[in-house]
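The shown structure was predicted, so the numbers you read here are calculated from the model rather than taken from an experiment.
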Amino acid sequence: QVRVVESGGGLVQAGESLRLSCAASGIIFSINSMGWYRQAPGKQREFVARITSGGTTNYVGSVKGRFTISRDGAKNTQYLQMNNLKPEDTANYYCTADALGTTYWGQGTQVVVSS
């Protein structure tokens, strides 16, 4: 059974930082990429960041320069370092792992940024 589990969310003040973690387990094939989406109440789900197996990254423009996605050598764990958080970053953050044409989703972790 494939599991994708996020952690690290919480309540912070604007300008502070959080680091989200995501671990994918039970995947016996290679992971092509891992990433993050977020969804605020009443809003559409939004792409946030992605990192490929080769280390290439991309981000939604609103988080560039503030968020950094990384991946460990085993390629089954990823991190999202979020600096200078803003109230508009408040959302439920979902981790994804892509392998062999299938996308696996975590259950989400909440990030709340107060002004």
Side-chain angles (χ1 to χ4, degrees):
Q1 183 178 0
V2 175
R3 295 181 63 216
V4 179
V5 181
E6 310 96 331
S7 63
L11 172 64
V12 298
Q13 299 286 330
E16 295 182 346
S17 299
L18 281 173
R19 191 187 195 197
L20 305 184
S21 300
C22 175
S25 62
I27 301 177
I28 61 175
F29 40 81
S30 63
I31 297 174
N32 301 126
S33 65
M34 300 184 73
W36 296 90
Y37 288 76
R38 66 186 181 186
Q39 187 168 23
K43 305 293 185 180
Q44 296 283 342
R45 183 179 295 168
E46 177 187 35
F47 166 80
V48 178
R50 174 175 292 180
I51 184 167
T52 70
S53 60
T56 301
T57 60
N58 54 61
Y59 303 87
V60 65
S62 59
V63 309
K64 279 193 171 182
R66 299 189 297 119
F67 291 11
T68 302
I69 188 170
S70 61
R71 191 172 176 181
D72 72 3
K75 300 182 179 180
N76 63 353
T77 303
Q78 66 166 318
Y79 308 93
L80 186 67
Q81 179 67 46
M82 305 185 294
N83 295 329
N84 191 25
L85 283 161
K86 303 176 179 180
E88 51 263 44
D89 295 318
T90 296
N92 199 30
Y93 283 71
Y94 297 90
C95 176
T96 63
D98 300 327
L100 298 179
T102 301
T103 300
Y104 301 92
W105 290 80
Q107 293 299 307
T109 185
Q110 286 192 340
V111 172
V112 178
V113 184
S114 62
S115 60

Compare every heavy atom of Thr96 with every heavy atom of Trp36, then report the nearest pair and how far apart it is.
N-OG1, 4.4 Å

Can you list every pair that meets salt bridge (Lys or Arg N to Asp or Glu O under 4.0 Å) and has a residue in residues 53-70, with sequence neighbours left out?
Arg66-Asp89

Check: Asp72 main-chain N/O paired with Thr77 side-chain donor or acceptor under 3.5 Å
no

Which heavy atom in Glu6 sits nearest to a heavy atom in Thr109, and how many Å separate them?
CB-CG2, 3.9 Å

Do Val4 and Tyr79 belong together in a cluster built from hydrophobic side chains that touch within less than 4.5 Å?
no

Tell me, which pairs form a ring-ring contact (aromatic ring centres under 6.0 Å, His included) where one or both residues lie in residues 41-60, sequence neighbours left out?
Tyr37-Phe47

Partners meeting side chain to side chain donor-acceptor pair (under 3.5 Å) with Ser33 (sequence neighbours left out)
Asp98

Report the residues that fulfil salt bridge (Lys or Arg N to Asp or Glu O under 4.0 Å) with Glu46, sequence neighbours left out, ordered by chain and then residue number.
Arg38

Leu100 backbone acceptor or donor facing Asn32 side chain under 3.5 Å:
yes

Please collect all disulfide (SG to SG under 2.5 Å) contacts where either partner lies in residues 85-115, sequence neighbours excluded, each pair once.
Cys22-Cys95

hydrophobic_cluster_shared for Val60 and Val113, side chain cutoff 4.5 Å
yes

Keeping the roles fixed (side chain from Gln39, backbone from Ala91), state whether a donor-acceptor pair exists under 3.5 Å.
no

Would you please name every residue forming a side chain to side chain donor-acceptor pair (under 3.5 Å) with Arg19, sequence neighbours left out?
none

Quick one, Glu16 and Leu85 - any side-chain contact, counting heavy atoms below 4.5 Å?
no

Closest heavy-atom pair, Ser17 versus Asn83, reported as atoms and distance to 0.1 Å, is OG-OD1, 2.9 Å

For a 4.5 angstrom cut-off between non-hydrogen side-chain atoms, does Leu20 reach Met82?
yes

Note: with side-chain heavy atoms under 4.5 Å as the link, the other cluster members for Leu11 come out as Val112

Minimum heavy-atom separation for Gly26 to Val2, with atom names?
O-CG2, 3.6 Å

Any residue meeting side chain to side chain donor-acceptor pair (under 3.5 Å) with Gln44, in chain and number order, not counting sequence neighbours:
none

Sort and list the pairs that fulfil disulfide (SG to SG under 2.5 Å) and have at least one residue in residues 30-66, not counting sequence neighbours.
none

Closest non-hydrogen atom pair, Ile69 against Met34
CD1-O, 3.9 Å

Taking only residues two or more places apart in sequence, or in another chain, which ones meet Ser114 in a side chain to side chain donor-acceptor pair (under 3.5 Å)?
Gln13

My understanding is that only residues two or more places apart in sequence, or in another chain, count here; which of them pass side chain to side chain contact (heavy atoms under 4.5 Å, CB included) with Gln110?
Asn92

Interatomic distance, Ser25 atom OG to Tyr104 atom OH [nearest 0.5 angstrom]:
11.5 Å

